[in-house]
S.K.: 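The structure that follows is given in the form of structure tokens.
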Amino acid sequence: MDTTLIALVELGAVLLLLGALGRFAGKIGMSPVPLYLLGGLMVGVGGLLFTRVDAAGVAHNPMEPIEEFSRLAAEIGVVLLLLMLGVEYSARELVGGLRGSWRAGVLDIVLNFTPGAVAGLLLGWGPVGALVLGGITYISSSGIIAKVLSDLGRVGNRETPVLLSVLVFEDLAMAVYLPVMTALAAGTAFVSGLKAAGVALVVVALVLGVAVRYGPQISRLLHSDEQENFLLTVLGLALVVAGVAGALQVSAGVGAFLLGIAISGAAAKQARAVLEPLRDLFAALFFVLFGMSVDPRTLPPVLLAALALALVTAATKVATGYLAARGAGIGVAGRWRAGAALTIRGEFSIVIAGLAASAGGVPPEMTAFATAYVLALAVAGPVLMRYADAFGRSRVRAATRRVRSREVGAADPVH
């Protein structure tokens, strides 16, 4: 059969698989991200499908006919994920959130980057591996958290603004972290990595300044009553900005994120309506293709270490959310809900692992480790969110009983 026809059949099969996995995830009330990763593991090298082994004994991906498209689709998926994340926040909201959450943000870095960095060193992956693994354990999944908050009806809860401010701080931290990490993973000297970070900081500052001052004008310029024209303009601009940002070693994803920040008002609302289906498509392809790049036979050696790190960093994220909510005067139940929400890792942990793997500066088992780690917390996080409310209320009731018992004991006469 012609190679193009084989590619069409394989791409169609992948999309059908994604659709089935998404339906199943919806029925059981969980994020589809871990199922997409599992689907990729099933059909990739070493998966359930037949793996071709050449004369040299090298295993080949059974999806080779769509390999070129896969790489481009994965890049577009990262760009759209970060673009739409930027659209969710206005520049003023980001600046305000940064001012109000910097203490919680610093605490988040200390509590959650450190375990991953230490684990990377203990696993023998060196300073670059430690830097990459620290980022993977640090960043929570804004997309999955937002979806679960909506599903559970907690968007209007008092702890939600505190939770979002921590996520905003993490997103801004990524604008500095990604260029440094990608430069060092590619083997660039540390000084060059710092230069890339400096460029990123300057670009972030300029974009935020322009977005705060001229955001409405930029949005009016992009806005169009014709959805087709708007889609082509914004998507084309996002890809150009991402490519230029990548050429400046700022990271293509960060460039898209900064463009998203500049889009506000009616243009932001239109971007959500027009671009979200496209983002979901390419993001799903990114996750399944990342899973396809991992040989399931590489998971068992790293599984116990990944689960242990997941347990540790789930606890540190709960502590981060709890302390941040307590600092904002939120009640005990709300503190536990905020902490449980932050435990979820997902798309951006995978993005970090994917960028590091493509740069070639990390050991091959890093992708397997990241997959196992994200699978564990992408599944466990939403479950913790469901039961955090009941746990928090039980803690409140227990504290109330203790107070009442002390009051009763104080009121009793001494015999």
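Computation of the quantities below employed the complete heavy-atom set of this structure, encompassing side-chain atoms and omitting hydrogens, waters and symmetry-equivalent molecules. Quantities reported herein were computed from a predicted structural model and do not represent experimental measurements.
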S.K.: List in chain and number order the residues that pass side-chain contact (heavy atoms from CB on, under 4.5 Å) with Ala20, two or more places apart in sequence or in another chain; answer none if no residue qualifies.
M.R.: none
S.K.: Which distance, rounded to the nearest 0.5 Å, do you find between the CD1 of Ile352 and the CE of Met366?
M.R.: 10.5 Å
S.K.: Could you state the interatomic distance from CD1 (Ile350) to OG1 (Thr367), rounded to the nearest 0.5 Å?
M.R.: 9.0 Å
S.K.: Check whether any side-chain heavy atom of Leu285 sits under 4.5 Å from a side-chain heavy atom of Leu18, and report yes or no.
M.R.: yes
S.K.: Could you walk me through whether Phe169 and Asp108 pass side chain to side chain contact (heavy atoms under 4.5 Å, CB included), step by step?
M.R.: CA-CA 9 Å; Phe169 190 96; Asp108 188 14; 5.9 Å; no
S.K.: Tell me the closest heavy-atom pair linking Thr313 and Pro115, and the distance in Å.
M.R.: CG2-CB, 3.9 Å
S.K.: If we only count heavy atoms from C-beta on, is the Ser140 to Lys317 side-chain gap below 4.5 Å?
M.R.: yes
S.K.: Specify the closest pair of heavy atoms between Leu309 and Thr137, including all atoms of both residues, with the distance to one decimal.
M.R.: CD2-CG2, 3.6 Å
S.K.: Is there a side-chain contact between Leu278 and Leu231 (heavy atoms, below 4.5 Å)?
M.R.: yes
S.K.: Looking at Ala368 and Thr298, what are the two nearest heavy atoms and their distance?
M.R.: CB-OG1, 3.3 Å
S.K.: Could you walk me through whether Leu15 and Leu281 pass side chain to side chain contact (heavy atoms under 4.5 Å, CB included), step by step?
M.R.: CA-CA 9 Å; Leu15 294 177; Leu281 169 63; 3.7 Å; yes
S.K.: Looking only at non-hydrogen atoms, find the nearest pair between Ala267 and Phe230 and report the distance.
M.R.: O-CZ, 3.4 Å
S.K.: So, for Tyr36 and Ala284, which heavy atoms are closest and what is the spacing to 0.1 Å?
M.R.: CE1-CB, 3.6 Å
S.K.: Roughly how far, to the nearest 0.5 Å, is the CG atom of Leu259 from the CG atom of Leu237?
M.R.: 5.0 Å
S.K.: I need the full list of ring pair (Phe, Tyr, Trp, His ring centres under 6.0 Å) pairs touching residues 303-330, with sequence neighbours left out, sorted by first then second residue.
M.R.: Tyr322-Trp336
S.K.: Which heavy atom of Ala372 sits nearest to which heavy atom of Leu303, and what is that distance?
M.R.: CB-CD1, 4.1 Å
S.K.: Can you tell if the side chain of Leu163 reaches within under 4.5 Å of the side chain of Asn157, non-hydrogen atoms only?
M.R.: no
S.K.: In Å, rounded to the nearest 0.5 Å, how long is the span from CG of Leu131 to CZ of Phe113?
M.R.: 5.0 Å
S.K.: Might you work through the side chain to side chain contact (heavy atoms under 4.5 Å, CB included) test for Arg345 and Ile136, ending with a clear yes or no?
M.R.: CA-CA 8 Å; Arg345 310 307 202 277; Ile136 289 171; over 6 Å; no
S.K.: Val241 versus Val79: any side-chain heavy-atom pair under 4.5 Å?
M.R.: no
S.K.: Using distance alone, with no hydrogens and no angle criterion, decide if Thr316 and Asn112 have a side-chain donor and acceptor under 3.5 Å apart.
M.R.: yes
S.K.: Within this structure, what is the CG-CD1 distance for the pair Leu384 and Ile344, rounded to the nearest 0.5 Å?
M.R.: 8.5 Å
S.K.: Rounded to the nearest 0.5 Å, what separation is found between the CG atom of Leu375 and the CG atom of Leu299?
M.R.: 8.0 Å
S.K.: If you define the side chain from C-beta out and look only at heavy atoms, does anything of Leu133 sit under 4.5 Å from Phe369?
M.R.: yes
S.K.: Count the heavy atoms belonging to other residues, nucleotides or ligands that lie under 6.0 Å from CD of Gln227, then report whether that count exceeds 12.
M.R.: no
